[in-house]
K.L.:
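Input: one structure, supplied below.
Sequence positions, counted from 1, serve as the residue numbers for this chain. Quick caveat, the model's predicted, so the values are computed rather than measured.
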Amino acid sequence: MSDQPQLYLMTPAGAQASALGPLLAEVMDRFPVACLRIRGGAEEDELGRIADLTREIAHARDVAVVIDDHVKLAQRHGLDGVHLTDGSRGVRLARTELGADAIVGAFCGASRHDGMSAGEAGADYVSFGPIGDSALGRGEPAPQDLFQWWSEMIEIPVVAEGALTRDLITRISPACDFIAIGPEIWSEDDPIAALAALWG
């Protein structure tokens, strides 16, 4: 594994498709994004519009698109797969529904056991977090030694996400394959400048 993880971009939760398009295109033209994840939080119709929009923008740039949890939306809108927010539980079912070629990722909080279960169930990647202080999830940050252990012992790619700062990214980068960034930049007035400051 190289010391430089790839950028995994998350859309703003509850975004409107009309506002998202130009912003996403600009971010993806400026930064090399490996995967784009559509966050939940919108109604089905709006998520469908976001799915179509992001698929067009991302696939034009050879970037894979996954969506939080919604297997049927992923199928209906030609997305590359799903990101399961509830750990290993739904991995086998998602894999059965979407087939062998789809991307199935699983967020496993700070649980090494859940991560291994997700991998055994057929996940393509496992995501741990939050990295920084956050009230999200169960509230316990995923420790750096979890990533260290994972990168040494497990071949499945690992994603770091949640409450990231430039310093935390620098520290965690050698032990992970992807860094997931989203909320850290979308709350700023200038998301592109915020991403440049984080990602450099």
Side-chain angles (χ1 to χ4, degrees), residues 1-13 31-40 63-64 66-69 80-95 102-188 191 194-200:
M1 180 175 28
S2 79
D3 279 355
Q4 281 308 308
Q6 293 178 283
L7 177 60
Y8 175 124
L9 186 68
M10 299 183 275
T11 66
F31 298 90
V33 174
C35 184
L36 178 68
R37 178 165 125 215
I38 301 168
R39 302 280 304 284
V63 176
V66 297
I67 189 168
D68 278 358
D69 299 317
D80 300 287
V82 291
H83 172 89
L84 302 173
T85 56
D86 62 349
S88 59
R89 285 189 291 281
V91 172
R92 276 187 214 283
L93 183 63
R95 174 63 68 210
I103 298 169
V104 177
F107 175 73
C108 296
S111 170
R112 179 188 296 192
H113 174 75
D114 205 21
M116 291 170 71
S117 298
E120 285 161 11
D124 293 293
Y125 71 81
V126 165
S127 168
F128 294 119
I131 310 304
D133 289 326
S134 166
L136 297 178
R138 297 184 187 91
E140 57 174 313
Q144 197 166 341
D145 60 10
L146 170 60
F147 290 89
Q148 202 61 50
W149 177 86
W150 187 275
S151 66
E152 288 167 9
M153 305 300 289
I154 311 285
E155 288 190 6
I156 297 161
V158 63
V159 180
E161 71 170 283
L164 286 157
T165 62
R166 178 76 186 248
D167 182 49
L168 287 171
I169 289 172
T170 303
R171 273 192 274 159
I172 206 115
S173 283
C176 60
D177 301 277
F178 299 93
I179 301 279
I181 293 175
E184 295 88 349
I185 62 168
W186 301 122
S187 58
E188 300 293 327
L195 183 53
L198 272 178
W199 195 247

K.L.:
What heavy-atom pair brings Glu140 and Pro130 nearest, and what distance separates the two atoms?
P.N.:
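Shortest heavy-atom contact: O-CD, 3.8 Å.
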
K.L.:
According to salt bridge (charged side-chain N to carboxylate O under 4.0 Å, His left out), does anything in residues 121-130 pair up with another residue at least two apart or in another chain? List the pairs.
P.N.:
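Residue pairs with at least one partner in residues 121-130: Arg95-Asp124.
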
K.L.:
Minimum heavy-atom separation for Ser88 to Asp114, with atom names?
P.N.:
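So the two residues come closest at OG-OD1, 2.6 Å.
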
K.L.:
Between Arg112 and Leu146 (side chain of the first, backbone of the second, donor and acceptor by atom type, cut-off under 3.5 Å), is there such a pair?
P.N.:
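Absent.
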
K.L.:
Can you tell me how far apart CZ (Phe107) and CG (Leu84) are? Round to the nearest 0.5 Å.
P.N.:
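Those atoms lie 12.5 Å apart.
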
K.L.:
Hey, what do you get for SG (Cys108) to CZ (Arg89), rounding to the nearest 0.5 Å?
P.N.:
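Cys108 SG to Arg89 CZ: 9.5 Å, rounded to 0.5 Å.
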
K.L.:
Could you tell me which non-hydrogen atom of Val126 sits nearest to which non-hydrogen atom of Ala118, and how far apart they are?
P.N.:
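Nearest heavy atoms, Val126 then Ala118: CG2-CB, 4.1 Å.
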
K.L.:
Measure from the side-chain N and O atoms of Glu184 to the backbone N and O of Gly182, and report whether any donor-acceptor pair falls under 3.5 Å.
P.N.:
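At least one qualifying donor-acceptor pair exists.
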
K.L.:
Report yes or no: does Trp186 contribute a side-chain atom to a donor-acceptor pair with the main-chain N or O of Ala13 at less than 3.5 Å?
P.N.:
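The answer is no, because no donor-acceptor pair under 3.5 Å joins these two groups.
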
K.L.:
Give the C-alpha distance, both sets of side-chain angles, the deciding distance and a yes or no for side-chain contact (heavy atoms from CB on, under 4.5 Å) between Val66 and Val82.
P.N.:
CA-CA 5 Å; Val66 297; Val82 291; 5.7 Å; no

K.L.:
Which atom pair, heavy atoms only, marks the closest approach of Ala121 to Val91?
P.N.:
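So the two residues come closest at O-CG1, 3.5 Å.
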
K.L.:
Give me the atom names and distance for the closest heavy-atom approach of Pro5 to Ile179.
P.N.:
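Looking at all heavy atoms of both residues, the shortest contact is CG-CG1, 3.6 Å.
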
K.L.:
Calculate, to the nearest 0.5 Å, the distance between atoms CD1 and CG belonging to Ile185 and Leu195 respectively.
P.N.:
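That separation rounds to 4.5 Å.
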
K.L.:
Report yes or no: does Glu161 contribute a side-chain atom to a donor-acceptor pair with the main-chain N or O of Ala180 at less than 3.5 Å?
P.N.:
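No, the answer is negative, given that no donor and acceptor are paired below the 3.5 Å cut-off.
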
K.L.:
Would you compute the distance between atom CG of Asp68 and atom CZ of Arg39 and round it to the nearest 0.5 angstrom?
P.N.:
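Asp68 atom CG to Arg39 atom CZ measures 6.0 Å (nearest 0.5 Å).
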
K.L.:
When rounded to the nearest 0.5 angstrom, what distance separates CD1 in Ile181 from CH2 in Trp199?
P.N.:
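The CH2 atom of Trp199 is 5.5 Å from CD1 of Ile181, to the nearest 0.5 Å.
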
K.L.:
Side chains of Pro32 and Gln6: does their closest heavy-atom pair fall under 4.5 Å?
P.N.:
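Side chain of Pro32 against side chain of Gln6, heavy atoms only: no contact under 4.5 Å found.
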
K.L.:
For the atom pair CD1 (Ile103) and CG (Asp80), what is the distance rounded to the nearest 0.5 Å?
P.N.:
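Separation between the atoms: 5.0 Å.
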
K.L.:
Return the set of residues passing ring pair (Phe, Tyr, Trp, His ring centres under 6.0 Å) with Phe128 (not counting sequence neighbours), or none when no residue passes.
P.N.:
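For Phe128, the residues satisfying ring pair (Phe, Tyr, Trp, His ring centres under 6.0 Å) (neighbours in sequence not counted) are Phe147, Trp150.
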
K.L.:
So His83 and Tyr125, would you call those rings parallel, tilted or perpendicular, with 30° and 60° as cut-offs?
P.N.:
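The arrangement is parallel - the two ring planes meet at less than 30°.
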
K.L.:
For Asp133 and Pro141, which heavy atoms make the closest approach, and how far apart are they?
P.N.:
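Of all heavy-atom pairs spanning Asp133 and Pro141, the closest is OD1-CG, 4.4 Å.
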
